[in-house]
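The structure appears below as structure tokens.
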Amino acid sequence: MTPNIAAFPLAAQFLPALAHAWLDSAAAEGRDPADGLLILPTRRAARAAAAGFLAAHGKPLILPRITAIGAPDEASLGIAGGLDLPPAIPPEERRAILARLILGMAGRDGAPTRLAEALTLADDLALLIDAAEQAEIDLAETLPGIVAPDLAEHWQRTLDFLGIVTRAWPEILAARGAVDPARRLRLLLDTQVTFWRDNPPAQQVWLAGIAAGSPAVARLARVVAGLDQGRVILAGFDPDLSDAAWDALDSSPTHPQAGLRRLLTAMGARREEVASWPAKNAASRPNRIALLRRAFLPPAALAEWQTQFVELVEGMFRLDAADEQDEARAIALALRDALETPSRDAALVTPDRGLAVRVSAELARLGIRAEDSAGEPLAETPPAILLRLLATAQAAQYAPVPLLALLKHPLAAAGRSPAVCRGFARRLDILLRKHLPGPGFSALRYAAEAEKDAELAAFIAALQTLLRPLIDAGGVMTASPAALIGALIEAAEALTSTDEAPDGAKLWAGEAGSTLSDHLARQLASLDGLPDIAPSELPALFDTILGNARLRRTRARDANPRVAIWGIMEARLQTVDTLILGGMVEGVFPAEPDPGPWLSRPMRKAAGLPDDAGLIGEAAHDVTSLIATCDTVILSAPRRRGRAPAVPSRFLARIELVLRGAGRSLARHPAASWSAQLDQPAARIIRPRPAPRPPAEVRPMRYSISEITTLLADPYAIHASRIMRLTPLNPLDAETDTRLFGTIVHEGLRQAATDPVWAAAPDAEQKLAAAFGRELGKQRLRRALEAFWRVRLERIAGWIAAIERDRLAAHGPAETIATEIPGCWEFDGFLLRGRADRIERRADGIAIIDYKTGSPPDDRAIETGGAPQLPLEAVIAEAGGFGASCRGTVTELVYWKLSGGATEGETRAILKGDADRLRAVIDAARSEIPLLLARYADPATPFLDAPHPGRQTHDRPFAGISRRAEWEDSA
């Protein structure tokens, strides 16, 4: 008997044509359209078929039963014997059992020893199990024979590891009376096959839209095709493919028709037995079909290129974008352009989830919300992000950056309102930029108390109480995974509690919270019985638990029904007026098949596993079907992806190559130029260099010596800090703070080195090191930073003690030593303040020593006036500004570079002690600085930003305030 196999024309819209065919068949046979069963490949196709029936009938009707072949159940198929089949083991339970088996190997043969890694590897094992079940092979029989003799020793370890799959796992399933989900589906389909073979249904049964399938699907299709009331309607079948090309498909699994050939062969049918069904409202696109047929010719039929010609192809465009962001913007504009025509719909089809997210954002910018059928990763939803941030903060012992990221999350409230919590987070942010506390709440409270912020200290203490369940769970050596995740959830509920909802219900509110709650409930149940782990593994464990779970939201009320974003699977059998195939880059579209970590492609083939190249063929079938059925098709590929040039997809390259051979090319879509124009300003505005001229009454009349250096190099910084009163914030959680290190050194020397003969004591080095240690301990720094600095300070203490003893031996003790002494110089209404690190009074004059934990300026900068610090200290000393005991002629200016590194320290006398040059520098400072300050007291003098290219401060904190990037190039 000739099987009942049919196909619509390639250019026909499949689901509308299917609905018309079903209704026409029911009318011709005088039966109720609701009487029958329609089986489609995917759930989305099943939902879309309902809309096709409504459009075809023109008014409401009772639909036939419609189910998806990938998710059948006893009720939808009417299987009486399906209830007797063994149940499928839940995926979460299977994953946990496999992970336990992996950990049981105790690291043998490279097996992981951490739970998160074992769970990830368990997912890979589950994929191998499902692939074997779908291919209906027994890995225990096929795997031992795939290893070549010269590779036996190497691959024997892999085979030993896969004993988990071939030996342990089947025994576990048998003991539980369960089967893998893939086998449960196969058994269900085979039960249906047996049921229909023995009891042919009286109603219509159509299996529609398939283009490839597993052996079980092929058996189901064969039985349906043999039923009197059965029909198998193939999707995207090309009856005009040449015999030579058709025969070559067995060796060309990447061809769009290869899956159909395998399916027909498994069904025991010939291509000639596929009937051509007419389709209502089917478009005629012979040139486009011819282009696709020729572009995808298998290698054995390439001679046909010389006999097939390509005519002008209308409705196909090429979108050439510079990079991924430019591509997303252009695609969004093309979708927006399609909506200009009433009743016209459009869709982006791409396997690139990054591109889908970017296009969604660009559409939102245009006021359009598109339905994204693939949903969004559950791990990227707000409640999941909060839990991940909390796990990370716990693992980092609540260090500044992870703690602030947690507190600034929109759901964080800490028993108050979210706004109040964010206010405390901002105050804590500023506090942590002033201090470098170590991790932990005690260090945070100490820093808050040091700033005399009792309210913030109370908030930190309350926060610690809220997070106590997680802190206690993380304070042990090991804990059960379920206990750690449970403590994480409990702490997150406490953190998200508000004054209005103290039970933390906000964490589980909405679609994202509800989905996350259900997912974690299933995962928690599966974690019981797994071995204990270290609390530091919590972030990795939580990320692994979330895995690839996705949140699929219901269609939002404000979503545009005429715009959609689909993946390749979701787009199967769909049709729109404007189709955009986006991200057509090799390795992404199509995705490069991954054979998995266990077997190479030749080994998979030897084991009987399906060829991954067939997945490329299925993607090619989907692409060609979409191009053939949609009115306007835009093929988009960026020239760069990430930071590297992108190679166009093989699908796009084939089409362009065929057109180029015919002297043609795809028309360029104008959306690329629209994208370039979208963010271009109407006119370029060249901003002038800022030159603020504040009035005299607000201009500074008091300066510090360090501000004089800034005034010489960057006057605008003085305007910003002194007149605008702006204070730059330190980097958050900086590795080190050179100013703080310098403060510790200066304060330690002030305490220990005041006596002129202090270094003569035998314990001088120890006393100075102890003074440094006391100052270091007061800062409550991170342990690693404190240990690093302590070593440097001890080296500095030893070097200074040795230098002081040498100076005593060479020059004798000084008359007086003053350390960290403040001073000032008043002249013409100005006041110049300064603090000298060390002033020694000797019989031959005054020596001023400056401690530098960084790099001191060179002699050239001092002589040219760019580094006036020590010369100005000399001027103040000679004017008596440091007190009578420090007044006199300055004869020596010295820098002590105190690094504590490989070279502990270094002394350098300015101008190498040349008395005449030194006197000239001091006199120049005495005469020129008053002129400088008088000039900047004049309202006509602007505070320019970096007026002297040769002079620069060690940092440029106000470059953003002056908008330097906007005028520097055009200045």
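The first residue in the sequence is number 1, and the count goes up from there.
Less than 6.0 angstrom separates the ring centroid of Phe424 from the ring centroid of Phe459.
The distance from the CZ atom of Phe958 to the CE atom of Met724 is 9.0 Å, given to the nearest 0.5 Å. Interatomic distance, Trp758 CH2 to Ile817 CD1, rounded to the nearest 0.5 Å: 9.0 Å. How far CZ of Phe882 is from CH2 of Trp825: 12.0 Å, rounded to the nearest 0.5 Å. Here the straight-line distance linking atom CD1 of Ile839 with atom OG1 of Thr816 works out to 9.0 Å at 0.5 Å rounding. Atom CZ of Arg445 sits about 14.0 Å away from atom CG of Asp453, to the nearest 0.5 Å. The structure places OG of Ser962 at 14.5 Å from CZ of Phe943, a figure rounded to the nearest 0.5 Å.
Checked by atom type and distance alone, the side chain of Arg792 never pairs as donor or acceptor with a backbone atom of Gly900 at under 3.5 Å. A side-chain donor-acceptor contact under 3.5 Å links His746 to the backbone of Gly742. No donor-acceptor pair under 3.5 Å is formed between the side chain of Asp323 and the backbone N or O of Arg640. Of the possible donor and acceptor atoms, none in the side chain of Arg358 sits under 3.5 Å from a partner among the backbone N and O of Gln325. Thr941 contributes no side-chain N or O that, together with a main-chain N or O of Ala937, makes up a donor-acceptor pair within less than 3.5 Å.
Proximity of Pro947 to Pro715: side-chain heavy atoms (C-beta onward) are separated by under 4.5 Å at one or more points. Arg963 has its side chain out of reach of Pro690: every pair of non-hydrogen atoms, C-beta onward, lies at least 4.5 Å apart. Using a 4.5 Å heavy-atom threshold, the side chains of Leu932 and Leu712 count as touching. Leu711 has its side chain within reach of Leu933: a pair of non-hydrogen atoms, C-beta onward, lies under 4.5 Å apart. Arg388 places none of its side-chain heavy atoms less than 4.5 Å from the side chain of Leu390. Side-chain contact between Pro871 and Ile862: present, with at least one pair of heavy atoms (C-beta onward) separated by less than 4.5 Å. Using a 4.5 Å cut-off on side-chain heavy atoms (C-beta onward), Ser675 and Leu678 make no contact. Annotation: side chain of Tyr895 is in contact with side chain of Pro857 (closest heavy-atom distance under 4.5 Å).
Using a 4.0 Å cut-off between charged side-chain N and carboxylate O, Glu747 and Arg774 make no salt bridge. Ion pair Arg887/Glu878 not flagged as a salt bridge, since none of the NZ, NE, NH1 or NH2 atoms sits closer than 4.0 Å to an Asp/Glu carboxylate oxygen. No salt bridge links Asp938 with Arg935; every basic N to acidic carboxylate O contact stays at or beyond 4.0 Å. Salt bridge annotation for Asp429-Lys408: present, with a cationic side-chain nitrogen under 4.0 angstrom from a carboxylate oxygen.
Judged by the 6.0 Å and 45° rule, Arg722 forms a cation-pi pair with Tyr703.
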>> Using the rule given for salt bridge (charged side-chain N to carboxylate O under 4.0 Å, His left out), can you reason through Arg641 versus Glu324, listing the C-alpha separation, both sets of side-chain angles and the distance that settles it, and then say yes or no?
In response: CA-CA 6 Å; Arg641 177 177 170 82; Glu324 296 165 289; 3.2 Å; yes
>> Go through it in stages, so that I can follow the logic: the residues are Leu432 and Val401, the test is side-chain contact (heavy atoms from CB on, under 4.5 Å), and I'd like the CA-CA distance, side-chain angles, deciding distance and then a yes or no.
In response: CA-CA 9 Å; Leu432 294 174; Val401 171; over 6 Å; no
> Stepwise, does the salt bridge (charged side-chain N to carboxylate O under 4.0 Å, His left out) test hold for Asp945 with Arg689?
Replying inline: CA-CA 7 Å; Asp945 186 354; Arg689 181 194 297 264; 5.9 Å; no
> Given Phe441 and Ile471, is the side-chain contact (heavy atoms from CB on, under 4.5 Å) satisfied, shown in steps?
Replying inline: CA-CA 11 Å; Phe441 285 99; Ile471 295 174; 3.7 Å; yes
>> Checking Leu403 against Leu444 for the side-chain contact (heavy atoms from CB on, under 4.5 Å) test, could you report, in this order, the C-alpha distance in whole Å, the side-chain angles of both residues, the deciding distance, and whether it holds?
In response: CA-CA 11 Å; Leu403 177 60; Leu444 295 175; 3.3 Å; yes
>> Quick one, Glu775 with Gln751, criterion side-chain contact (heavy atoms from CB on, under 4.5 Å). Give me CA distance, side-chain angles, the key distance, then yes/no.
In response: CA-CA 10 Å; Glu775 291 303 313; Gln751 295 178 19; 2.7 Å; yes
>> For a salt bridge (charged side-chain N to carboxylate O under 4.0 Å, His left out) check, start with the C-alpha distance between Arg838 and Glu804, then their side-chain angles and the critical distance, and finish with the verdict.
In response: CA-CA 13 Å; Arg838 179 187 181 103; Glu804 290 280 33; 2.6 Å; yes
> Could you go step by step and tell me if Asp916 and Arg919 meet the salt bridge (charged side-chain N to carboxylate O under 4.0 Å, His left out) rule?
Replying inline: CA-CA 5 Å; Asp916 294 337; Arg919 177 50 48 189; over 6 Å; no
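Of the residues Asp850, Asp859, Asp858, the one that meets the salt bridge (Lys or Arg N to Asp or Glu O under 4.0 Å) test with Arg908 is Asp859. Exactly one residue among Trp789, Tyr851, Phe788 makes a ring pair (Phe, Tyr, Trp, His ring centres under 6.0 Å) with Phe741. That residue is Trp789. For the pairing with Leu870, the side chain to side chain contact (heavy atoms under 4.5 Å, CB included) check across Leu893, Leu918, Ile705 returns one residue only, Leu893.
Residues Leu404 and Ala425 approach most closely at CD2-O, 3.5 Å, considering heavy atoms. Nearest heavy atoms, Glu904 versus Arg795: CG-CB, 3.7 Å. Heavy atoms only, all atoms of each residue included: Arg842 and Gly812 are closest at NH1-O, 2.9 Å. Across every non-hydrogen atom of Ala940 and Arg699, the tightest pair is N-NH2, 4.5 Å. Nearest heavy atoms, Ile708 versus Pro868: CG2-CG, 3.9 Å. Taking every heavy atom of both residues into account, Leu406 and Ala393 meet most closely at CD2-CB, 4.3 Å.
The number of heavy-atom neighbours closer than 6.0 Å to CZ of Arg693, taken from other residues, nucleotides and ligands shown, is above 12. No more than 12 heavy atoms of other residues, nucleotides or ligands sit less than 6.0 Å from atom NZ of Lys767.
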